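These notes concern the structure reproduced below.
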Amino acid sequence: MSSKFDLSRGLANLRAVPYLRGFTSATMADAQASNSSMHSHDDDEHDHENDHEEHQQGPSRKRQRVRLSCLECRRRKLSCSRELPCDRCIKSGTPDRCTYESRPGSTSAPASEKMSFAPAAPPVTFGSEARRPSVNPSPVRREVEPSLLRDAARDHERIRRLELEVAQLRGTLSKQASLDGSTVVASPSTLKDSTKDGQSVPSNTPQNCHEPEYATLRGHNFKTKYYGPHNAWSSLQELTGIFHFMRETAEEWLKPLNIQKKDRRKRKEDREKKFTESDVVLESLLPSKEETDSLVAVYLDQFEQIHRIIHIPTFRAEYEAFWDPSKTKNASFTALILGMIAVSCCMDMQASNKFVGVKSSSIQMAEKIVKACDEWYERQSQKHRKLVHYQIACLLYLAKRVNIIKKKRFWTTSGTMIRDGITVGLHQDPDHTTAKISPYFAEMRRRLWSTMVEFDVQASFDQGLPTLMSSIHNDVDAPKNIDDESFDEHSHDLPVSRPPNEYTSSSFQHLSRRSLALRVELTKILTGPPVDLEWEQVLQYSDMITHEIDQLPPWDMEVEKDIEFSQKPILAHTLLHLQLRQYLIPLCQPYLKLRKFNSKYQVAELIYYTAARDIVMMHDRLFQKGIRTLYFLREDTMNSVINLCNITLHQPKDSMNLIMSNAQETLRLIERCIAMKEDRVLRCGNNDPWGYSSMCAAFGLLETHMGIKTSEAAKASAAERFISLHYKLLAFQIPPFPNPSHTTSPHSAQDPISRAKSITPFPMDTTPTMQMANTPYQPRDGMPLSMPWLMPSSSDSNQIPVPNPEFNFEMLGSDLNDLWGDWGQGDFS
């Protein structure tokens, strides 16, 4: 019988040999594994037969000993340390495959299962007489094995961590240059040597790469550069020894050839000297000191309450030195002051402002300033920019928004500022970077980045285009809730941020960061690829917006601190509400038409109406206090008129619901919006004509829907309101559109912008250059009845006025298409 079993073993070995000879190197490991499994299976069968033979013939043969190496090392035919897991399995990164035979024919659980102390499943075998594990282990094994496995797992885990740390340290040391200039590169040969020494090899997995993203920000203060975690520069750094090699090559081979070396110190001195030079073109645009003081004070009092661009104490100190006649006026600081003047020039005008066509002299001065500063800004070096350059960029964008200069470029301009900010790493918090940034510049970086972000998000919402912030990892912290007087350029540490319920000049930026993630997400939904939001999702977003609004602190709106410029909590409080409530309208708008098919969408109507009404009431509250900042900066007044008319027109005429019950209040709110728009036109001119014309038309359309006026009467009323406003502009015209009935003096023919400096932009004349109509005004619905564009009216007050064919808009240097708007791409000529 013994010869029979020897024969079966020999046949099994013969079956394995042809496969080993025919396999390639790529499949050698699999063949070895198959061979090992065949040997193991045959050995199990042989042991079983030996047990049977021993039972029959007596103890003449010895039992086969238990194999002490793990199955993985036996498969790979390598030496095994006989531990759990063994050294070989740890080094190869497969400790979970390390298993042992606890007795002939059975295997222990893998190391990973032993560490977790989970019950091991029976091993899977494919023999006809597969051996099952013993279900009745000895009492000694039941008592000893769990404790031994627990201690072994703990020890091996600690050893594994230490080996990984040693491997990482060895990898770091292998990349450092030696004393003679040569380098030790971590090549496969060195890794093989380290393996022979018993050292573990670090795995090439992302878990071993702990280099933070912030390490890619280099420089100091505002002269920093952000490259990103994956770029050509980082790849060059991975090439160990290249910098040392290039330096030695230059010293040994290039320097003897008298190749000129960069004199970095001299170049820096030349840059600083050029930076302190003046600019004659910019200085020629400066008004007198008295007028400049007034315009700068308006800017600091209004806009620095929300968008923090400058550090006010530092600016005041430099501003006082700027007017010293013994010192040269720095061109960059001149551009900074001109940016403030361009922002506030239309908000600090005399009551009898002069006009050239439909544009006021103030806004033409702003346009000339913006153009000159843009040209100066483009000439500046992109590499050597300072804090003041980014401040000027923000001020120029703010001036364009306030004066509606190149409106179609708002989105691209704000996106350019975001990209410029990313290149210097403004989106990374300075406290978490390796760059050398002082506390003062760190806080100014946060403030400027917050300003740029708000510009970009709002421009994206206004124009319905995606924002860059939806694809940027914005890691910078919110600006601290502190006043400017609490820190300066020499501060070693910033003061602790105040609680949100304490108002400071930085409270808006500090609190606006809370809702930034929600607003960016909503902007992405509204401006990104078309997404059909379910009604439940709309309600969830509405709840999230309401929650953010409820979290805003209730400041005392009437308190003004006794400092150099007054604090205006109402300004920051209103803008925090507006930038959240504006999202409720586009979220609910798709469901307004579905209201008549499903009553559950009545909630959408109420949310829509309430949001539009609240926005108007907030702007009106500021307007009553003489604060014009927000309705100059935003387009809420025009949008609110359209939204209120839209929701009211969706209601049946005979409906008694909440919206129609408040229809008269809606008309009053729309009239308040039109009054704010007229105030802007009289200050800046009608450089955005379609906004005012659409508001007049929407008001007349709503009056027709409510039955207050007939369609013809509403049209005549809208035209009368529109022409009446522009007739007021005719009363203050100056050259190049003079009154033909008057002789133009040489002084009046001069370009009003290229005038000599004076306290006011133009010499104020109490007598208008064009006399208005001699017919006395007779009020009718708040509008004059007798105007030069109307034929004399009859005694019948219900008769629709007839337009005067002799009146035209050529006196304004424009035509109807420019003023009323080219609706439907049609031409009124």
Side-chain angles (χ1 to χ4, degrees), residues 212-231 233 304 306-311 314-315 332 336 339 377 380-398 410-460 467-482 484 487 489 491 494 497 506 508-517 519-520 523:
E213 186 179 6
Y214 319 114
T216 55
L217 181 66
R218 292 180 292 274
H220 62 280
N221 295 337
F222 265 84
K223 192 178 179 181
T224 54
K225 192 68 176 179
Y226 177 79
Y227 293 94
H230 305 290
N231 56 83
W233 179 257
E304 279 295 325
I306 46 179
H307 297 305
R308 299 309 318 273
I309 299 177
I310 65 171
H311 184 255
T314 303
F315 169 79
S332 60
L336 185 71
Y377 188 79
Q380 305 307 304
S381 171
Q382 294 284 340
K383 182 179 180 181
H384 303 287
R385 291 193 172 182
K386 299 184 179 182
L387 168 62
V388 66
H389 294 98
Y390 298 96
Q391 292 174 328
I392 293 172
C394 293
L395 286 173
L396 292 179
Y397 178 82
L398 195 60
F410 288 169
W411 180 73
T412 55
T413 305
S414 63
T416 301
M417 286 196 299
I418 291 293
R419 288 189 290 271
D420 289 343
I422 294 175
T423 57
V424 295
L426 295 184
H427 65 302
Q428 300 294 321
D429 193 79
D431 294 341
H432 304 159
T433 62
T434 57
K436 298 179 181 180
I437 302 175
S438 66
Y440 169 80
F441 284 101
E443 185 63 17
M444 293 306 299
R445 288 171 68 98
R446 297 188 190 98
R447 291 184 176 186
L448 285 178
W449 176 249
S450 177
T451 300
M452 296 175 182
V453 168
E454 293 299 332
F455 286 163
D456 185 66
V457 173
Q458 189 61 41
S460 299
T467 173
L468 288 176
M469 296 306 302
S470 60
S471 58
I472 294 175
H473 177 60
N474 185 22
D475 190 69
V476 65
D477 296 337
K480 293 182 178 296
N481 188 28
I482 55 178
D484 289 2
F487 72 102
E489 292 178 298
S491 299
L494 292 174
S497 182
S506 303
F508 169 76
Q509 289 189 334
H510 180 74
L511 294 174
S512 180
R513 178 58 191 275
R514 291 182 177 180
S515 62
L516 178 61
R519 288 184 285 124
V520 170
T523 304

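Values in this document were obtained by computation on a predicted structure and should not be read as measured data. Heavy-atom basis, side chains included; hydrogens, waters and symmetry copies ignored.
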Quick one: does [X]'s side chain get under 4.5 Å of [Y]'s, heavy atoms only?
X	Y	result
Val457	Leu516	yes
Ile309	Leu395	yes
Cys394	His307	no

For this session: Quick one: sort the His427 and Tyr226 rings into parallel, tilted or perpendicular, breaks at 30° and 60°.
Result: perpendicular
For this session: Measure from NZ or CZ of Arg308 to the centre of the six-membered ring of Phe508, then state whether that distance is under 6.0 Å and the direction lies within 45° of the axis.
Result: no
Residue list, side-chain contact (heavy atoms from CB on, under 4.5 Å) with [X], at least two apart or on another chain:
X	result
Asp477	Asp429, His432, Arg446
Lys436	His220
Thr416	Arg419, Asp420

Say you draw a straight line from [atom1] of [X] to [atom2] of [Y]; how long is it, rounded to the nearest 0.5 Å?
X	Y	atom1	atom2	value
Glu443	Ile482	CD	CD1	4.5 Å
Trp449	Leu426	CH2	CG	6.5 Å
Gln391	Lys386	CD	NZ	12.5 Å
Met469	Ser414	CE	OG	11.5 Å
Arg519	Thr467	CZ	OG1	10.0 Å
Ser332	Tyr377	OG	OH	12.0 Å

Of all heavy-atom pairs between [X] and [Y], which one has the smallest distance, and what is that distance?
X	Y	answer
Phe487	Ser491	CA-OG, 3.4 Å
Asp431	Ala442	OD1-CB, 4.5 Å
Ile310	Met444	C-CE, 4.0 Å
Gln380	Arg385	O-NH2, 4.1 Å

For this session: For Met417 and Asp456, run side-chain contact (heavy atoms from CB on, under 4.5 Å): C-alpha distance rounded to whole Å, both residues' side-chain angles, the deciding distance at 0.1 Å, then the answer.
Result: CA-CA 8 Å; Met417 286 196 299; Asp456 185 66; over 6 Å; no
Problem set entry | Contacts of type ring-ring contact (aromatic ring centres under 6.0 Å, His included), residue Tyr440, not counting sequence neighbours | His311
For this session: Applying ring-ring contact (aromatic ring centres under 6.0 Å, His included), name anything that partners Phe222, two or more places apart in sequence or on another chain.
Result: Tyr390
For this session: Name all residues meeting the side-chain hydrogen bond (donor to acceptor under 3.5 Å, both in side chains) criterion together with Gln458; count only those two or more places apart in sequence or in a different chain, and write none if there are none.
Result: Asp462, Gln582, Arg634
For this session: Any chance you could lay out the side-chain contact (heavy atoms from CB on, under 4.5 Å) test for Met452 and Tyr397, step after step, and finish with the verdict?
Result: CA-CA 10 Å; Met452 296 175 182; Tyr397 178 82; over 6 Å; no
For this session: For the pair Val453 and Arg513, evaluate side-chain contact (heavy atoms from CB on, under 4.5 Å) and give the outcome as yes or no after the intermediate values.
Result: CA-CA 10 Å; Val453 168; Arg513 178 58 191 275; over 6 Å; no
Problem set entry | Thr224 side-chain N/O to Val424 backbone N/O, donor-acceptor pair under 3.5 Å | yes
Exercise. Could you walk me through whether Ser497 and His510 pass the side-chain contact (heavy atoms from CB on, under 4.5 Å) check?
Worked result: CA-CA 9 Å; Ser497 182; His510 180 74; 3.7 Å; yes
Problem set entry | Distance-only polar pair, side chains of Thr451 and Gln509, donor-acceptor under 3.5 Å | yes
Exercise. Do Ser506 and Arg447 have a side chain donor and acceptor closer than 3.5 Å?
Worked result: yes
